[in-house]
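Below: one structure, written as structure tokens.
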Number of protein chains: 2
Amino acid sequence: MGKTSITIKEIARQLNISKSTVSRALRDSSEISEHTRERVIELARRLNYSPNPIALSLLKNRTQTIGIIVPDIDNPFFSMAIGGVEDVAYSRGYHVMIYQSHDSYERECIDARHIAARRADGLIVSVASKSPDHSHFEELQESDIPVVFFDRISEQVQTHKVLVNDYEGAFEGTEHLIMQGCRRIAHISGPMGLNISRNRFNGYKDALAKHNLPLRDEWVVSADYSQSDGAERAYQLMALRERPDAIFAASDRIAIGVHWVLRQLGYRMPQDVALLGFSDLSISALLDPPLSSVAQPSFEMGRQAAELLLELIENKNTLDFETRVLKTNLVVRGSTLKIINSGDPASAEIL
Amino acid sequence: MGKTSITIKEIARQLNISKSTVSRALRDSSEISEHTRERVIELARRLNYSPNPIALSLLKNRTQTIGIIVPDIDNPFFSMAIGGVEDVAYSRGYHVMIYQSHDSYERECIDARHIAARRADGLIVSVASKSPDHSHFEELQESDIPVVFFDRISEQVQTHKVLVNDYEGAFEGTEHLIMQGCRRIAHISGPMGLNISRNRFNGYKDALAKHNLPLRDEWVVSADYSQSDGAERAYQLMALRERPDAIFAASDRIAIGVHWVLRQLGYRMPQDVALLGFSDLSISALLDPPLSSVAQPSFEMGRQAAELLLELIENKNTLDFETRVLKTNLVVRGSTLKIINSGDPASAEIL
DNA sequence: CTGAAAGCGCTTACAG
DNA sequence: CTGAAAGCGCTTACAG
């Protein structure tokens, strides 16, 4: 037990040549005799040699590792995005270390420092909703660790960002509710400290305005992006003297909580209350009635964030940062579809 | 931009002492004068010094990193378990690198090699259903990287393992269906290459035998642990001349696919067909009717796997391996509850 | 109590 | 084409 991994030194010893030569045989093709090179390669293979990445890291001051901080790994939106990050990272020889902030400012700071201490080459983050300030990310940038944001971005920090058109998505979703005949449309927003919450709220607000519908204070409530908060707000809204006939939730997690409460209370969707979510998690199509939602390309967001980060890492081009805005896509299902018209996509789909 | 991180050498230079002394001041308390020690500590703090973990790793041949391979990160069972692993790992100063095998043998081998190449200190794994052989894990063990399995274990590899009592859970679940009056109970098993699939199937089989119910070939079908496979099998079962009056699915993912199909086809649960899953994912309670399921303590499984791994890493005690068996817990909800009796837990719960 | 030296595994000018 | 040396950032015997 414990045959310690084989090193370049060992190969050199067995072949009776110097470490330098072995090293060169393993890298360059030029500046080495074909003969020695073959001998080295062959022995290395036979010994199952693999270079010690730790040593390389020390030398190059690069770890081939990127960090990612998300609020919550078991939110399917984020686990999908992580999938996208991994997809490009691995294909380019990088590793991914995943951190969860649990939406806590303190935890996010600790994670960021950790990443700096571990000398990651870069960081991708979707910020915690409770973070009042993002200078912990600026500190990373100052020590030459590039940072890229996706979805929940920091306006304070200058860098590449990957977003969806939250405003337009929310606008379009709200208009869809209006087209379905809803007139008393409530909104459960996310925490207003987050860009995504503000933009979705504004889309909602402007769609109402465009159609001369009232924006009533008691129909706009704020929640954390969680089922339990969604459920609480649903009770609150349905208890109002003047009930909404539609609820636009700022996320599917919130909407799922609402969905559950509406069913418990015996409201029919969409006849009594139409319900629209945001993100289109895969489970949303499985609810009964299936949930309509504004779909976000989560995997692709992760991919693009990773691509932008690697560009920063490899080219150190810290000038002109880019903000990529991907498109949302309204997915209409049973929870909002009152009027059957052939123009609308209709049925829930599984698989 | 680019203030390169500060090193022990820099502190030594500024204080006009040797690197050795600085290093000692930062570690030992003995063997150093109180005075120098204070000066070093104070300057280190002021400069925001943090030791380069890469250098330490090279020295100690330890990376303070553990790997985890799961089939699929966006399966909530696994993301929960990962949460448990992180919980103990971080509290003990370790980092976690997460890999997905996507249930592919090839990918699992690559991941394992990667982990070895990155010199992780240890590995936690839940095996891919398509892996015919597990010697890639034995190779890790031979290079002194301990491996611990959870849930989907390898019988071939000798090491610590963390399981639940799949057999008893399945037995109890099947008995519950029988108590509800079901007599034609079908089973959708997972891939039979996996221990969990075999044990759950055996629990089902023996419960039927105990109650003198028939085990009919056409009522036992096998599926991947996925919604789409579950949906296909549901069609297959309900197309039978003699239909089952209950379906016990080997996982909630499978059950969710079945649930969707049953609803599409207009079957009522549980009156026409009772449906029971396994794992109790958090979404299962939200279906309509809510899904009964055999709950597994996924977070705790991750925790315990991590504890066992760290023990192996830190004590190198490679003798007498332990197999921990945690308890499942039958959660009865609307999808199986025909007979209201006060002894049974009943209502779906959210939050 | 402190410093000079060796070494972890590797690469890469610098000489030959 | 090949080897000896220096160095990445740190620790730890070995001498004083």
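Each chain gets a letter, A, B and so on, in the order the sequences are listed, and its residues count up from 1.
- Under the Watson-Crick or G-U wobble criterion, with both distances below 3.5 Å, C:dA13 has no partner in any strand shown.
- Along DNA chain C, the nucleotide nearest B:A55 and the nucleotide nearest B:N16 are compared for position; the residue whose nucleotide lies closer to the 5' end is B:N16.
- For C:dT2, one of the phosphate oxygens OP1 or OP2 lies less than 4.0 angstrom from a side-chain nitrogen or oxygen of B:T36.
- Within 4.0 Å of B:I17, counting heavy atoms only, lie sugar-phosphate atoms of the nucleic acid but no base atom.
- Of the possible donor and acceptor atoms, none in the side chain of B:K130 sits under 3.5 Å from a partner among the backbone N and O of B:G193.
- Separation of atoms CZ (B:R303) and CG (B:L308) is listed at 11.5 Å; rounding is to 0.5 Å.
- Side-chain N/O atoms of A:S57 include none lying less than 4.0 angstrom from OP1 or OP2 on D:dC8.
- In this model, the phosphate group of D:dC1 is not approached by any side-chain N or O of A:T21 to a distance below 4.0 Å at OP1 or OP2.
- Of the residues near DNA chain C, B:S20 and B:L58, the one whose nearest nucleotide (by heavy atom distance) lies more toward the 5' end is B:S20.
- The side chain of B:R24 lies closest to C:dT2, out of C:dT2, C:dT11, C:dG7.
- Between A:K9 and C:dC8 there is a side-chain N or O to OP1 or OP2 distance below 4.0 Å.
- Which of D:dC10, C:dC10, C:dT11 sits closest to the side chain of A:T7 comes down to C:dC10.
- Across all strands, A:L56 comes closer than 4.0 Å only to sugar-phosphate atoms, never to a base (heavy-atom distances).
- Contact check on B:E10 versus B:R13 returns a salt bridge, with a Lys/Arg side-chain nitrogen under 4.0 Å from an Asp/Glu carboxylate oxygen.
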